[in-house]
Amino acid sequence: MSVVGRNIPHDSAKGHVTGESVYIDDMPFQANEVVVDFVGSPVAHGKIRSLDLEAAGKIPGVVGLYTYRDLGGINKFGPILQDEVLLCEEHTSFIGEPIVVIAAENYKALKAAKKAVKIDIEEMRPILTVDDAIAANEYIDKTYEIRRGDIDGALKNADHLLEGTIYMGGQDHFYLESHAALVYPGEHNQIVIHSSTQNTTEVQQVAARVLGLKQSQVVVVTKRLGGGFGGKECQASHVATMAALVALKTKRPARMIYNKDDDMKFTGKRHPFQNKYSVAFDNEGRIQGMRLHLYADGGAANDLSTAVLGRAMTHSDNAYFVPHVEIIGKICRTNFPPNTAFRGFGGPQGICTIENIIEEIAAYLHKDSLEVRLINLYGLEDRNTTPYGQIVANNTLPKIFEQLVQTSQYQQRMVQVRAFNSTSTTHMKGIAITPVKFGISFTTKFLNQANALVNVYLDGSVQVSTGAIEMGQGVNTNIKMLVADEFSIDPDNVIVMPTTTEKCNNTSATAASAATDLNGSAAVDACQKIKKNLAECAAAYFASKEIGIGAFPDRIVFDNGFVYDSRRPSNKVSFENLVGMAYRDRRSTGERGYYATKGVDFDWDKGQGTPFLYYTMGAAVSEVLIDRFTGQLKLQRVDILMDVGKSINPGINMGQVVGAFVQGMGWATMEELRYDAKGHLLAHSPTTYKIPNIMDIPDDFFVNFIDNDCVLNVRGSKAVGEPPFVLGLSVWAAVKSALLSVSGDEIPRLALPATGEEILSRITFYDKISRNEITPEQVTNGAKRSIQAAAVS
């Protein structure tokens with residue numbers, strides 16, 4: 001019986017419930033271990049005049065203080081551009097940028113030493129908004145473009161034309177386990193780094209580069225993460241390398257754990273975007289042409305901004321065919337911590353832009369936005385090529401819309417919403433349906449590869465090692481099930497080992513929703529090599545037992561813990577016994593597997609290619625209730641329909657869909673990053689930064705899947721980690737829809753996140769227009785406020 005498709009519990013479920021799951025800070029302290037912290041820049045942009053470490057060095061318990069001069073390697077690194085320093089040299093570019101690393105025997109001494117470090121720094125004028133960066137011509141990397149057709153002609157000859165700017169705020173990852181590393185020194189300057197990272201290879205590479213080591217001297221181990229969401233894809237390298245510096249210098253184990261405040265204040269976030277748009281459309285709402293200028297707030301260094309911008313650009317079409325397109329993208333340099341990967345990786349910011357356009361076209365034409373979405377939806381036989389030249393194959397969007405509109409009773413509820421808004425004087429409602437077409441694969445071609453090591457032991461049990469990182473999403477459980485299914489054995493006989501660079505080298509990050517696709521496929525490849533060896537052994541064994549049967553490995557069947565020749569199914573041998581036979585016959589029962597995604601490529605010089613293996617698709621209907629006097633938002637009902645192919649584990653997929661949607665709703669409606677005029681983050685704890693809680697989840701929350709076999713991917717499955725995040729925009733779109741009841745002749749403009757304050761400001765604004773207290777000419781493109789990383793006085 002196949003294991004794939006069953007609801008097997010998450011492999012860490014019991015450990016999480018009982019508290020037995022081990023995270024880095026749970027690992028026992030060694031007798032000679034030191035603890036590590038750093039002193040960072042007190043200003044967003046400054047020039048270091050002098051540094052006085054004398055008083056800090058005299059504090060009892062302080063073991064060492066280190067600056068960039070102690071690194072031993074190259075103080076420049078980055079996953080795309082090497083434009084980031086581990087420790088500041090002469091200038092600082094964001095608040096909290098590390099200057100001095102401190103090692104101490106206890107946390108009391110560490111705290112005292114941090115206070116005793118004296119830094120004389122000349123404060124310089126920081127850039128804290130996208131507008132300021134544009135004015136100063138401060139950009140990271142080059143300008144990127146995607147073009148198709150004649151955009152100038154489409155805009156010039158448009159039946160109707162809309163222009164505007166949408167402002168999207170950032171988002172903190174808010175993982176439960178902060179950045180953490182524990183480093184053990186070894187012989188000959190070898191080190192073992194236990195890192196809370198999504199990318200063991202990157203930690204290995206950065207630590208070796210910055211500390212002047214060979215990569216073979218650095219082993220990185222990751223058992224699990226207490227959440228990542230992209231925040232530990234690159235930025236775990238900083239913590240790990242600072243701790244490794246101390247371990248190398250002191251020859252003692254070194255532990256570095258960020259507290260929650262520091263983690264939020266000094267690490268990168270989801271990229272805020274400020275996107276300008278001009279869109280031409282006809283009387284039916286069909287888009288004729290679209291010009292977009294995307295401005296991403298990259299922070300002080302590139303990190304992954306180039307790739308994030310690229311995915312935003314390749315998702316700016318979302319589910320809609322646009323014949324004439326121009327998409328131009330730039331990364332703005334600001335004096336904030338370098339912004340980084342976050343679930344969706346730029347996709348949500350691109351998708352939000354066109355979903356906003358769809359809502360505004362509908363408002364302009366006085367149509368239901370569903371009509372506008374359907375008329376622009378990618379087709380099955382024609383109108384099915386993206387602006388960057390990829391055909392939208394296996395398009396299930398029309399089927400998803402048809403089914404979801406019916407099961408959610410969207411049209412009946414829209415009538416009810418309009419009736420409610422026409423009579424209620426205290427509240428208003430909104431309802432919206434938004435889709436997602438999310439490309440699966442890394443947009444950088446060489447990252448689409450993975451290797452795995454599978455070892456089968458003499459008792460029939462199996463160990464699997466891959467480059468995938470378990471961070472709660474269930475990738476280990478998926479891989480465990482795939483391996484058990486290949487051998488047709490009980491999943492309890494398979495263990496997925498901690499991820500380590502010692503077993504799996506040169507791995508890609510656990511990101512882009514592709515961890516199971518890549519690493520699961522590599523593990524299956526290893527299993528198939530072992531099965532070939534075992535089948536040859538079994539065929540020889542069965543042939544020796546019956547004269548004339550012959551040895552035919554291709555007729556060997558693995559079935560529910562047993563192995564037999566398909567011609568003699570009653571003559572069986574257990575999987576365990578077969579492994580023993582193979583060992584005694586000197587056949588390998590351990591193999592390395594490899595997988596590289598075929599058919600993906602992209603040329604950014606041309607803005608054309610096939611960057612994705614396939615698309616995960618879905619849609620959501622959300623209905624909201626808004627208090628007209630406070631702006632308070634209540635989500636009343638959600639209906640989600642997803643195409644995730646054939647689920648490896650339906651329960652895990654369900655959890656991913658619900659969790660991603662809720663996190664997306666948080667970004668779209670409540671999670672607001674507030675800064676003061678000097679660039680200090682004000683919202684850096686659960687008391688000042690609001691993520692969705694149980695009271696924000698509606699009682700009516702429906703999730704369903706359509707049946708669709710994705711023949712391009714392992715076991716017909718589709719990636720599900722990121723795509724449902726985008727469906728949280730349906731809540732934001734429902735708010736925008738609700739504002740139609742108060743905006744009169746004006747098209748509602750709404751910034752993201754649509755917090756209670758933002759909603760109330762828009763209600764108040766349109767109320768003033770209705771009472772002639774403000775003229776339509778004063779309408780701005782959204783409530784700009786502070787959400788784009790602007791300063792608050």
Near-ring test H238/F77, centroid separation under 6.0 angstrom: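 Yes.
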F342 ring center within less than 6.0 Å of H271 ring center: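 No, the ring centres sit 6.0 Å or more apart.
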Are there more than 12 heavy atoms of other residues, nucleotides or ligands under 6.0 Å from atom [atom1] of [X]?
X    : atom1 : result
K114 : NZ    : yes
K118 : NZ    : no
I495 : CD1   : no
K142 : NZ    : yes
K251 : NZ    : yes
Q217 : CD    : yes
R125 : CZ    : no

Does the [X] side chain pair with the main chain of [Y], one donor and one acceptor, at a distance under 3.5 Å?
X    : Y    : result
N451 : C504 : no
Q215 : Q205 : no
N32  : P253 : no
E470 : Q473 : yes
T92  : G46  : yes
T444 : F446 : no
Q204 : V218 : yes
E722 : G344 : yes
R311 : G350 : no
R224 : V22  : yes

Hey, does [Y] have a side-chain heavy atom less than 4.5 Å from the side chain of [X]?
X    : Y    : result
Y144 : L294 : no
L752 : F273 : no
V192 : H194 : yes
S465 : M497 : yes
Q663 : F174 : no
I134 : Y139 : yes
L86  : Y68  : no
Y689 : E671 : yes

Geometric class of the Y258/H179 ring pair [parallel <30°, tilted 30-60°, perpendicular >60°]: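 If you compare the ring of H179 with that of Y258, the planes turn out perpendicular.
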Aromatic plane relationship, H16 with Y23 - under 30° parallel, 30 to 60° tilted, over 60° perpendicular: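 If you compare the ring of Y23 with that of H16, the planes turn out parallel.
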Regarding [X] and [Y], do their side chains bring together a donor and an acceptor under 3.5 Å, going by distance alone?
X    : Y    : result
E97  : H91  : no
T267 : Q235 : no
T507 : T201 : yes
T143 : K330 : yes

[atom1]/[X] to [atom2]/[Y] distance, rounded to the nearest 0.5 angstrom?
X    : Y    : atom1 : atom2 : answer
T200 : I469 : OG1   : CD1   : 5.0 Å
K47  : M124 : NZ    : CE    : 7.5 Å
M242 : I102 : CE    : CD1   : 11.0 Å
T340 : N302 : OG1   : CG    : 10.0 Å
L225 : T197 : CG    : OG1   : 7.0 Å
K265 : L681 : NZ    : CG    : 8.5 Å

Short N-O contact, E123 and K678, less than 4.0 angstrom: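 Salt bridge present between E123 and K678.
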Carboxylate-amine/guanidinium contact K111 D37, below 4.0 Å: no
L211 vs L248, side chain to side chain contact (heavy atoms under 4.5 Å, CB included): CA-CA, chis, key distance, verdict: CA-CA 9 Å; L211 300 177; L248 280 175; 3.7 Å; yes
Shortest non-hydrogen contact from [X] to [Y]?
X    : Y    : answer
Y66  : A103 : CE1-CB, 4.3 Å
L447 : S508 : O-OG, 2.6 Å
V475 : A468 : CG2-CB, 3.8 Å
N519 : A450 : OD1-CB, 3.7 Å
G299 : N339 : N-ND2, 3.9 Å
V183 : A244 : CG2-N, 3.7 Å

Name of the residue among I119, N335, I121, I95 meeting side chain to side chain contact (heavy atoms under 4.5 Å, CB included) with S41: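 One option only clears the test, and that one is I121.
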Partner of T501 under side chain to side chain contact (heavy atoms under 4.5 Å, CB included), chosen from V220, V221, N506: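 Exactly one pass, corresponding to V220.
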Stepwise side chain to side chain contact (heavy atoms under 4.5 Å, CB included) test for L53 and T67: CA-CA 10 Å; L53 307 179; T67 68; 4.1 Å; yes
Side chain to side chain contact (heavy atoms under 4.5 Å, CB included) between I127 and R333, intermediate numbers included: CA-CA 8 Å; I127 293 175; R333 188 188 302 276; over 6 Å; no
Worked check of salt bridge (Lys or Arg N to Asp or Glu O under 4.0 Å) between R252 and E105: CA-CA 10 Å; R252 299 165 67 170; E105 293 179 338; 3.6 Å; yes
For K269, the option from D172, D297, D263 that meets salt bridge (Lys or Arg N to Asp or Glu O under 4.0 Å): D172
CA sep, side-chain torsions, deciding dist, call: F38, L87, side chain to side chain contact (heavy atoms under 4.5 Å, CB included): CA-CA 10 Å; F38 70 91; L87 299 175; 5.8 Å; no
K232 NZ/CZ over Y175 ring centroid, <6.0 Å and within 45° of normal: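 Pair K232/Y175 counts as cation-pi.
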